Amino acid sequence: MFFRLKDFSFTNKKVLIRVDFNVPMHGGRITDDSRIKKTIPTIEYVLRKGAKQVIVCSHFGQPKGRKEPEFSLLPVCRRLEQLLGRKVEFCEEFAVDESHKVVMLENLRFSRGEAENDYDFAKKLAGLADIFVFDAFGVAHREHASVSGIPKHIPSCAGLLMEKEVEFLGEDMKSPKRPFVAIIGGAKPDKINVIGNLIKRVDTLIVSGVLANTFLKASGHEIGLSKYNKDSLNAARKLLSGFSKKIVLPEDFVLGERFMANTKTRVAYVDDKIAGWMIMDVGTETIKKYKEILNRAKTVVWAGPLGAFEFEKFETGTMEIAKHLSKLNIVKIIGGGDSGEAIEKFGLTSRMTHVSTGGGASLELLAGHELPGIKALEENYRKFKK
Ligand code: 3PG
């Protein structure tokens with residue numbers, strides 16, 4: 001149980017809203033602004049209810065406590081301004097001028113205190129406002145100052161996006177229609193941590209992307225120059241021996257010589273020698289096999305693209321599966337920044353049951369883990385309820 005927007009009066013209050021504006025950006029250009037668009041209803045609600053000031057804050061990338069211009073939120077602030085249709089004051093330091101109605105803070109991760117969940121940093125942020133609204137579902141799985149620290153200090157509630165995500169991914173997925181299939185791909189190497197629990201819930205787990213490379217390496221296959229996670233090899237071996245019937249790995253690939261759009265390519269099978277090459281996408285046999293599995297499914301959760309879909313030469317796997325899924329009349333939940341971006345790129349967003357704004361967060365929730373962002377709101381409710 002946690003507070004919702006309707007539980008608070010915002011009249012004349014200073015309101016700090018934590019959003020997840022960790023949007024995909026290539027060459028300084030935002031390539032998918034869905035995460036920004038989806039927080040507009042919360043920001044507008046608070047303004048409509050008479051807030052004195054709204055302060056929006058977010059992280060962007062992983063700058064690890066250093067101020068790096070490429071991770072500035074300034075371009076995102078400008079996009080927010082366009083979407084809201086009003087001036088948004090960009091604030092590089094945390095000294096907020098009270099005369100501005102809507103303010104956006106610079107990247108929280110420029111301060112080490114954010115990722116270290118520093119008590120004083122959270123207190124400083126909380127000191128900017130009377131009420132905290134958490135609408136950053138995408139980062140709810142991180143134990144960071146602006147996720148679990150701020151609610152220790154001031155009354156806090158979930159925003160409208162957060163409420164919706166928890167309803168779709170938490171409540172509605174407690175007893176999914178079976179067969180229940182999860183597709184886990186993407187480039188982030190730390191996903192193995194959630195697989196242990198998720199695998200117990202699903203009937204089939206299709207693994208692609210960097211995670212598949214780790215599994216292939218763990219089972220003795222050559223993966224050439226492909227990215228994988230060395231620290232997860234043992235965990236991958238254990239999962240393969242415990243759940244070999246549930247885990248489905250790619251059987252063929254499209255390889256690239258380098259991680260770039262115009263690189264030389266070739267196809268290969270899982271047992272081929274691929275030294276000097278990297279796995280960039282799944283191959284045609286694999287796509288065929290995945291489609292057959294999906295044809296039997298009643299619920300599908302998909303987090304993370306199957307290949308480097310940002311390059312045309314390597315988008316086929318992700319695009320083929322997205323198109324196939326869009327035609328199936330089943331429950332289709334898309335989790336995550338990159339998968340959401342892929343679905344949007346192929347114009348299929350409206351054909352899915354729910355496109356979440358959270359990648360890691362949606363996986364953790366589906367795996368049955370307690371999210372620090374939700375736990376903090378629940379504790380806040382117990383502390384501040386009358
Ligand atoms: C995401 O894009 O998954 C969230 O914004 C969390 O980002 P992080 O993995 O850098 O914490």
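Both ligands and their constituent atoms are indexed starting at 1 by order of listing. From a predicted model like this one, the values you see are computed outputs, not experimental measurements.
For ligand 1, the atoms closer than 4.0 angstrom to any heavy atom of Arg109 are 8 (P), 10 (O), 11 (O). The ligand atoms of ligand 1 that sit less than 4.0 angstrom from a heavy atom of Asp20 are 4 (C), 5 (O). Atoms of ligand 1 lying under 4.0 Å from any heavy atom of Arg142, numbered from 1 in the order shown and given with element: 8 (P), 9 (O), 11 (O). Ligand 1 places these atoms under 4.0 Å from at least one heavy atom of Gln62: 8 (P), 9 (O), 10 (O). Counting atoms of ligand 1 from 1 in the listed order, those under 4.0 Å from a heavy atom of Asn22 are 1 (C), 2 (O), 4 (C), 5 (O), 7 (O).
The pair Glu315-Lys345 meets the salt-bridge criterion, since a charged nitrogen lies less than 4.0 angstrom from a carboxylate oxygen.
Side-chain N or O atoms of Asp281 include none that pairs as donor or acceptor with a backbone N or O of Val254 at under 3.5 Å.
Contacts with ligand 1 closer than 4.0 Å are made by no heavy atom of His144, backbone or side chain.
Residue pairs that meet the ring pair (Phe, Tyr, Trp, His ring centres under 6.0 Å) test with at least one member in residues 223-261, sequence neighbours left out, are Phe259-Phe311.
For the side chain to side chain donor-acceptor pair (under 3.5 Å) criterion with Thr357, the lone passing option out of Lys38, Glu165, Arg35 is Glu165. The only option from Arg66, Arg18, Lys64 that meets the salt bridge (Lys or Arg N to Asp or Glu O under 4.0 Å) definition with Glu114 turns out to be Arg18.
For ligand 1, the polar-atom distance check finds an N/O of His59 within less than 3.5 Å of one of the ligand's N/O atoms.
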